[in-house]
Every structure is written in structure tokens, then in C-alpha cells.
Number of protein chains: 2
Amino acid sequence: MLYPGLTPLDLIGPLQVMCGLETVEAMFGVQPRHHVVVVAEQVDDVPTDTPVRIAAPTLLDEVPEPDVVVVPGGGAPTLRQLTNPALLDYLRQVDRSAEVVASVCTGSLLLAGAGLLQGRRATTHWAYHRFLDRLGATYVPQRWVEDGRYLTGAGVSAGIDAALRLAARLTSDDLARAVQLGIEYDPHPPHGGIDWSGVDRDMLAERVQAVAEQALGADPTMLARLLG
Amino acid sequence: MLYPGLTPLDLIGPLQVMCGLETVEAMFGVQPRHHVVVVAEQVDDVPTDTPVRIAAPTLLDEVPEPDVVVVPGGGAPTLRQLTNPALLDYLRQVDRSAEVVASVCTGSLLLAGAGLLQGRRATTHWAYHRFLDRLGATYVPQRWVEDGRYLTGAGVSAGIDAALRLAARLTSDDLARAVQLGIEYDPHPPHGGIDWSGVDRDMLAERVQAVAEQALGADPTMLARLLG
């Protein structure tokens with residue numbers, strides 16, 4: 001799914017993986033179990049946190065019972081969705097039938113805001129970890145976290161890893177590996193991985209508080225809940 | 001830049017990195033040297049090789065002399081751009097002033113088709129490596145390849161790594177690392193990296209030939225050039 005203002009890599013990473021799964025299923029003559037759709041409240045293009053706009057071709061109402069849902073994240077616009085009953089109601093509705101409920105980055109705050117992660121282990125963008133806890137989940141600092149039907153990915157780029165895990169879960173390790181080869185996902189960050197021993201996950205606390213205040217000024221109750 | 005039918009991760013990976021660079025420059029009080037724009041032949045949204053459509057806000061003509069250009073790739077629709085004089089002319093034009101000319105995946109075939117990679121070391125999606133050679137470049141099987149002003153990335157997801165390298169080149173290693181932390185790029189593919197010893201880069205030769213025939217049926221000269 002998508003919504004206005006999201007971080008597009010949160011959406012496009014998993015989307016490219018899941019569309020790759022359709023491609024390799026066709027190549028290998030495997031009967032496809034799933035079909036990828038992208039849903040939104042509107043089919044017009046919406047802004048993102050980059051210069052491009054993105055349009056989903058399908059409305060939320062057209063896919064009331066998906067087998068899998070993936071919720072992308074973002075900054076203030078994502079927190080603003082915590083006060084959007086249409087989106088939260090949709091998440092509660094699909095949760096009743098979905099085999100896997102997934103998120104990338106702060107998308108997990110929307111799952112938690114919909115009440116789906118109560119008491120569950122989950123992850124989110126490192127800078128937003130306290131918001132996840134305050135919405136009733138337990139933050140786990142991993143690339144992705146699986147707790148039953150819930151698969152949550154860490155910040156932004158983690159959606160690629162989480163989606164490859166999702167592809168394996170829905171099909172097989174072999175097909176997931178073929179998707180990985182198709183998108184040539186053999187990562188080599190020029191400066192190596194992140195050295196977490198040098199990262200204080202609260203170092204942006206003031207900044208994310210300002211993001212929350214910007215997003216939720218009109219909803220003091222939700223704002224107080226996030227700020228603890 | 002974008003064009004109809006592209007692989008969106010080729011665009012969005014580098015775009016998220018370069019927009020992240022703007023963010024960390026602002027956080028660190030660094031005078032920004034660059035501003036990110038996304039250009040296309042049209043400002044209407046265009047299809048991608050996934051269900052979403054993407055719209056660039058800016059026309060090619062509005063940015064005649066960018067400091068950096070990044071060209072994304074894709075399948076048949078990308079090869080079709082090899083016969084689009086407007087796009088190839090734009091690439092030749094920006095090449096005259098650009099400090100860095102970059103590509104992701106088969107985007108390098110467009111740089112080569114515009115005549116910019118003659119005799120240069122470059123990379124592309126592994127399955128398309130012979131097309132790159134036949135367009136006058138020398139394929140190098142690396143995550144990204146730098147030859148003078150030309151920075152080419154391997155398939156699809158490699159755009160993230162190549163863009164972090166670009167960010168470091170334009171600013172500093174420290175700022176590139178801050179961008180990496182911002183997009184939480186600490187990759188952990190669930191099945192590890194790609195084991196290239198088990199990959200025959202010609203194993204999809206028939207498939208990519210069919211892609212070329214589909215794309216370039218109307219231009220037998222270009223088709224013959226690609227198929228060698």
C-alpha cells in the first residue's frame with residue numbers, strides 16, 4: 001500500500017522483490033500463489049518525501065482480503081496517518097484474513113497504531129524505536145523481526161531484506177534466491193555495514209519529537225501517547 | 001531521470017540516497033553543493049515494470065546542464081530508449097558539462113548507446129553484459145565501476161551502493177556514512193550475498209535476446225548491433 005508523503009524506497013524495495021517473485025515463478029513454471037497489487041485511498045499520484053510522485057492503480061476497497069499486506073513508512077506524513085481512520089480501519093480489516101502482515105521502517109507504527117502489535121516483538125527505523133514501544137510493541141534492533149504473522153522490517157532499505165524473507169516464506173528459499181539474483185542484490189556498501197556500537201538510538205530524539213509535533217499537532221492525545 | 005517502463009528501484013534507490021544527502025547536509029549545517037531534481041520527457045506519470053506509476057516534476061529541457069545525471073535501467077522499455085533521439089541527445093548534452101555521469105543496471109546501455117562509454121570500463125545488470133560490450137564499453141563484473149567521470153552500477157539494487165559512493169565523491173565519507181545510517185542501510189540478505197561461482201552470466205542469453213527483439217523490432221540496425 002501507499003499513502004501521501006511516504007518514503008518511496010520503503011515501498012519500492014519490497015515491490016521490486018515481490019514483482020520479481022512473479023517473474024521467477026513464471027520462468028520456473030511454478031504456479032503463482034500470489035499476484036502483486038498496490039493499493040491506496042486514491043488512484044491519483046501522491047507526493048513522496050522525494051521529488052517524485054507515485055500512483056497506485058488500485059483502491060483499498062478493491063482488495064478487502066489480501067493474503068499479505070506491506071505497509072511502508074516515512075517521516076511526519078506517516079505519523080499523520082496515525083489519525084487517519086480509513087487507513088487504520090483498513091489495516092484492522094486485512095489483519096483478520098492476512099497470512100502475513102508486514103511493514104517497513106515506521107510503517108510498523110501504523111500497524112501498532114491500529115492495535116495489531118500489542119505485546120508483540122517488532123522493529124522500525126532506529127530513530128523511532130521509542131514510538132514503537134509507546135504504541136504497545138516491543139522494539140527489537142534487528143534487520144527484520146517475525147512474531148507470528150507479523151513481519152516488520154527496520155528502516156527504509158531493510159524492506160529489501162524483509163521482502164526476500166517474505167518471498168522465501170511464501171514460496172521457497174530457492175525462489176527467493178532467484179529473485180535476489182534477478183535484482184542483483186549482492187550488497188556492498190562502500191563504507192561497510194553500520195557499526196551500531198557507535199550509534200546512540202536516541203541521538204535524534206529531539207528531531208523525531210519535532211517530527212511528531214509537526215504531524216500530530218491537531219491530535220494532542222495521539223501526540224502525548226507517542227511522546228510518553 | 002526517468003522514462004516509461006523503467007525498473008523503479010533503479011531510480012528510487014539512488015534518489016533516496018541523494019535526498020538523504022540533502023537532509024544530512026542540512027542537519028550538519030553543511031552548505032549544500034547540490035539540489036536533487038528528477039527529470040523526464042513528460043511531467044505526467046509513466047508506467048514502470050511494477051504496478052505503480054511514477055511522475056517526475058521537471059522536464060529534461062529545464063535542466064540542460066546538471067552537475068550529475070543518474071540513468072536508471074529496466075528491461076525492454078529501456079532498450080526501446082536506445083531508439084529515442086530525445087533521450088540520447090539529452091545524455092550527450094549533459095555529458096558535456098556533468099562532473100559525474102552515472103547509471104544503474106541497464107541504464108549503462110543508454111549511456112553506451114549515446115556513445116559515452118566508448119572504450120570505457122563499465123558495468124550493467126549481469127544478464128545484459130554482452131549488450132554493454134557490443135555497444136562499445138568493456139563490461140566489468142563489479143558492484144559499481146568508476147572510469148573517469150563515469151560511474152556505472154550493476155543490476156537494480158546496486159544503485160544504492162553506487163549512489164553512496166557518489167555521495168562520498170560529491171561530499172565526504174562522513175556525510176555518505178550519515179546518509180547510510182539515515183536509510184538504515186545495513187544489508188543482511190536472508191540467504192547471504194550472491195555466490196557468483198554458481199552463476200553463468202550467459203544463462204539468460206535467450207531471454208535477453210527475446211527482450212531485445214521485443215524492444216527493437218522496428219530498428220533492425222540497433223537490434224543487430226546488440227545481438228552481435
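Keep in mind the model is a prediction, meaning the values are calculated, not measured. Just the heavy atoms: all of them, side chains too, but no hydrogens, waters or symmetry mates, feed the values below. In what follows, chains carry the letters A, B, and so on, assigned in the order in which the sequence lines appear, proteins first and then strands, with residues in each chain numbered from 1.
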Test your reading of the model: is there a side-chain donor-acceptor pair from [X] to the backbone of [Y], 3.5 Å cut-off?
X: A:E184; Y: B:A158; value: no
X: B:H125; Y: A:G182; value: yes
X: A:Q16; Y: B:T7; value: no

Nearest non-hydrogen partners of [X] and [Y], listed with the distance:
X: B:P189; Y: A:Y185; value: CG-CE2, 3.7 Å
X: B:I183; Y: A:V156; value: O-CB, 3.5 Å
X: B:D45; Y: A:A55; value: OD2-CB, 3.7 Å

Within 6.0 Å of [atom1] in [X], more than 12 heavy atoms from elsewhere:
X: B:E206; atom1: CD; result: no
X: A:H188; atom1: NE2; result: no
X: B:E65; atom1: CD; result: no

- prompt: Hey, does A:I12 have a side-chain heavy atom less than 4.5 Å from the side chain of B:V52?
  reply: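 Heavy-atom side-chain distance check passes, below 4.5 Å.
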
message: Could you check whether any side-chain heavy atom of A:P51 comes within less than 4.5 Å of a side-chain heavy atom of B:L15, counting everything from C-beta outward?
response: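 The answer is yes; the side chains approach within 4.5 Å.
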
Quick one: which of [options] has the most heavy-atom pairs under 4.5 Å with chain B, could you say?
options: A:L204, A:V37, A:T48, A:V38; result: A:V38
options: A:H191, A:E22, A:R207; result: A:H191
options: A:C19, A:P187, A:G13; result: A:P187

Looking at [options], which has the largest count of heavy-atom pairs under 4.5 Å with chain A?
options: B:M27, B:M18, B:R165; result: B:M27
options: B:V199, B:D173, B:V36; result: B:D173
options: B:A154, B:A127, B:A40, B:C105; result: B:A154
options: B:A162, B:P8, B:P57, B:A168; result: B:P8

message: At a 4.5 Å cut-off on heavy atoms, which part of A:R143 comes close to chain B: side chain, backbone, both, or neither?
response: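 The side chain, not the backbone.
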
task: Can you tell which part of A:L181 gets under 4.5 Å to a heavy atom of chain B, answering side chain, backbone, both or neither?
output: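 Its backbone and side chain both get close to chain B.
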
field: Portion of B:L9 that has a non-hydrogen atom of chain A nearer than 4.5 angstrom
entry: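 Its backbone and side chain both get close to chain A.
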
field: Per-residue contact mode, B:T58 against chain A (heavy atom under 4.5 angstrom)
entry: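 When you check distances to chain A, no heavy atom of B:T58 falls under 4.5 Å.
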
message: Between B:I160 and A:I160, is the side-chain contact (heavy atoms from CB on, under 4.5 Å) condition met? List the steps.
response: CA-CA 11 Å; B:I160 300 173; A:I160 300 173; 4.0 Å; yes

